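So the structure is just underneath, and the comments pick up after that.
Quick caveat: nothing in here was measured; it's all calculated off a predicted structure. Here is the naming used below: chain letters follow the sequence lines, and residue numbers restart at 1 for every chain.
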There are 2 protein chains.
Amino acid sequence: MAQKIKLSTIAESLGVSTATVSLALRDSPLVAAATREKIKEQSRALGYIYNRRAASLRTSRSGIIGVVVHDIQNPFYAEILKAIESELDRSSHTFILSNHYDSVDKQRNFIETLLQLGGDGVIMSPAIGTPREDLELAENNGMPAILVARSVENLDLPTYRGDDSYGISLATNHLIGLGHRTIAMVGGTDQTSTGRDRYQGYVNALKKANIPVDPALRIAGPRSKQGGFEAAVHFLSLPQKPTAAVCWNDLVAIGFMNGIARAGLMPGRDISVTGYDDLEEAAIATPGLTTVWNGQSEVGRLAARALLDKLSGSHEPDGMHLIKPEMRIRQSTAPLHRT
Amino acid sequence: MAQKIKLSTIAESLGVSTATVSLALRDSPLVAAATREKIKEQSRALGYIYNRRAASLRTSRSGIIGVVVHDIQNPFYAEILKAIESELDRSSHTFILSNHYDSVDKQRNFIETLLQLGGDGVIMSPAIGTPREDLELAENNGMPAILVARSVENLDLPTYRGDDSYGISLATNHLIGLGHRTIAMVGGTDQTSTGRDRYQGYVNALKKANIPVDPALRIAGPRSKQGGFEAAVHFLSLPQKPTAAVCWNDLVAIGFMNGIARAGLMPGRDISVTGYDDLEEAAIATPGLTTVWNGQSEVGRLAARALLDKLSGSHEPDGMHLIKPEMRIRQSTAPLHRT
DNA sequence: CTGAAAGCGCTTACAG
DNA sequence: CTGAAAGCGCTTACAG
């Protein structure tokens, strides 16, 4: 590794001041075009690497945006991230990613690290049990936060997510329309807003159709493929013999269908199954999964835009921005056939 | 946002020097225990946030490690990342993540950004066509690189990946042992080392068993579930009527099995299918996927360790470190039954 | 055990 | 259109 090249190296080699070099490299019109070209040329020739820490120390803007979600390995979050990434990419921001795995400590640790690095802002899907102080820590230190997918109670931050209650009612109504009356709800937990809202939407839809709500038909807990897979055993042992399952999300639904298939039944014929999210793989599951599009790409795109707008000084309205979900009908649901 | 708290704020409020505060906060034994406690107490009380940019400007170490892979949404990379993350977490390093989607430009852009931020090192699964200059850019600027999952030709960097040729021969031999003779290879591309090595391993295994190698039985290209799904149509139309498929990875295999099922055939009975990687979901696929464990968690863990060791000054040997793959037999493969 | 001072590599008024 | 100088917030010899 050769001698470190810095602004002053370029300046000296060209007999100009560092101020001129700094301005030239950032395309300032204050520098004569000829000088600017000469400087850029030299910078390239010397293999100059811009030192962002030094610049950011001076300007107190780092170009770093933090993103923290439950688990990036979860395709639901991965799809949101992809949208955030492509939005940030075109604005020359760098993003730092972290999982919190619903650990409030890990999440706070990330926020602190981000503050230490001088992060400009943070996009997060808050961990279960996030105290408002942790988010205020960011805001109070000049690092605005935008929430995605989940809300935090009593905190009026800009939040982007799908309308869960409405969305799950679409799925439930679809099954009711097919003649199903004994419909289980599989997965989700009351500890998250999505868990509560989706269960509530399911309950509302049943009530509206005058179908009695049986709490024993709720198999709460599962939130992964593995969880859905295991829940199938529980489902098949229910004395009420449900003919359909509204799953909390696509992962649960796909695992659940696999579980049903392992037991020798055919999802989409013997048992109707709906998912939620419309992940890319919902379409190529066997059978194709009937599900609810939850707008991950919209959520990510809008959240990133909202943050960038905020950073450039425009005052976005705080509060909830709900994406309207849409039904996607495939082969995993079918009219009830009585045997 | 109140007045910015910095080292000197704490120092003044306590009537000590910034040097003492700096040392105390980093638990230096040079500072008397009582002073140290008083300083830490005050730092907490004032809500002091350590400015890493300033520190890193001074020390020229940032605590930042970059990780760039093809696509973090791909569970294969996600599993590697998880292992890297848990290894780095315990060493108080922050990691910055990026996808390159096999774009050499995007990858170089990331390396440059990382250099600007003063990254201490980088772990990467290089994009297809990565020129050695891009990796030398990192190394020459004092940022060591470790490769995972893929190699770059003519470049002797520490590399951690599975022994692809050996691993795929395990899968191929397993099928041969079950009586299959017309075995297709589905997916993968000659543009990556994994694509070349796995095809070669398949060819070698066939040759060793005196089975003629038919190039038409290679369906090259697919690398995703979607790709595997679509390849099933091609596979079923082959005049040679293969009875088994060695898939390039689990994603292809799972998509492929779905495609087979859509056509009314039953994978694991009508057609035997093997995967590669042993992703978490291989076990819960229907049928359970026979596959080859590729040691993602080991790859991630060892690569992270190697980088940390290098950063702390120990001179690790460069070159290839191959993880030995292992067979995982499940229900997607069965003895050939002649009809 | 503690303090005064220099310096990391930028950017930004300010002056010319 | 260009330059001299201060300062962002730390850490690290050095001195005492």
Side-chain N or O of B:Ser17 closer than 4.0 Å to phosphate OP1/OP2 of C:dT2: no
Closest of C:dG9, C:dC10, D:dT12 to the A:Tyr48 side chain is C:dC10
When the distance from CZ of A:Arg58 to P of D:dG9 is rounded to whole Å, what number comes out? 10 Å
How long is the line joining CD of B:Gln116 and P of C:dT11, in whole Å? 11 Å
For B:Ile10 and D:dG9, what is the distance between atoms CD1 and C1' respectively, to the nearest whole Å? 12 Å
Reckon B:Ala19 touches a base, only the sugar-phosphate, or nothing at all at heavy-atom distances under 4.0 Å? base
Distance check, rounded to the nearest 0.5 Å: A:His93 atom NE2 versus A:Leu307 atom CG? 7.5 Å
Whole-Å distance between C:dT2 P and B:Ile39 CD1? 8 Å
Taking OP1 and OP2 of C:dT2, is either one under 4.0 Å from a side-chain nitrogen or oxygen of B:Thr20? no
Determine the interplanar angle of the A:His70 and A:Tyr77 rings, folded into 0 to 90°, and report it as parallel if under 30°, tilted if 30 to 60°, perpendicular if over 60°. perpendicular
When B:Ala54 and B:Ala32 are each assigned the nearest nucleotide of DNA chain C, the 5'-most assignment goes to B:Ala32
In this structure, how many angstroms lie between the C1' atom of D:dG7 and the CG atom of B:Asn51, rounded? 13 Å
Just call it for B:Gly15: base, sugar-phosphate, or nothing, with non-hydrogen atoms closer than 4.0 Å on any strand. sugar-phosphate
So, OP1 or OP2 of D:dG3: does either fall under 4.0 Å of a side-chain N or O from A:Thr18? no
From CD1 of B:Ile5 over to P of D:dC10, roughly how many Å is that when rounded to an integer? 11 Å
So, does A:Thr59 get its side chain near the phosphate of C:dT11, meaning an N or O under 4.0 Å from OP1 or OP2? no
Rounding to 0.5 Å, atoms OG (B:Ser17) and CG (B:Leu7) come to a distance of 10.0 Å
A:Asn51 and B:Leu57: which non-hydrogen atoms are nearest, and at how many Å? ND2-CD1, 4.0 Å
Any side-chain N or O of B:Arg26 less than 4.0 Å from the OP1 or OP2 oxygen of D:dT12? yes
Mind checking B:Thr35 for me? I need base, sugar-phosphate or nothing, with any heavy atom below 4.0 Å counting as a touch. sugar-phosphate
Looking only at heavy atoms, the pair that brings B:Ser98 and B:Lys106 closest together is OG-NZ, 3.9 Å
Could you check which nucleotide pairs with D:dC14 in any of the strands shown, counting Watson-Crick or G-U wobble with both distances under 3.5 Å? C:dG3
Among the candidates D:dG9, D:dC10, D:dG3, find the nucleotide nearest to the side-chain atoms of B:Lys4. D:dG9
Starting from C1' on C:dG3, measure out to CG on B:Leu14 and report it in whole angstrom. 15 Å
Nearest to the side chain of A:Val31 - C:dT2, D:dT2, D:dC10? D:dT2
I need the CZ-P distance between A:Arg53 and C:dG9, as an integer number of Å. 9 Å
Go through the side-chain N and O atoms of B:Arg53 and A:Ser56 and say whether any donor and acceptor fall under 3.5 Å apart. yes
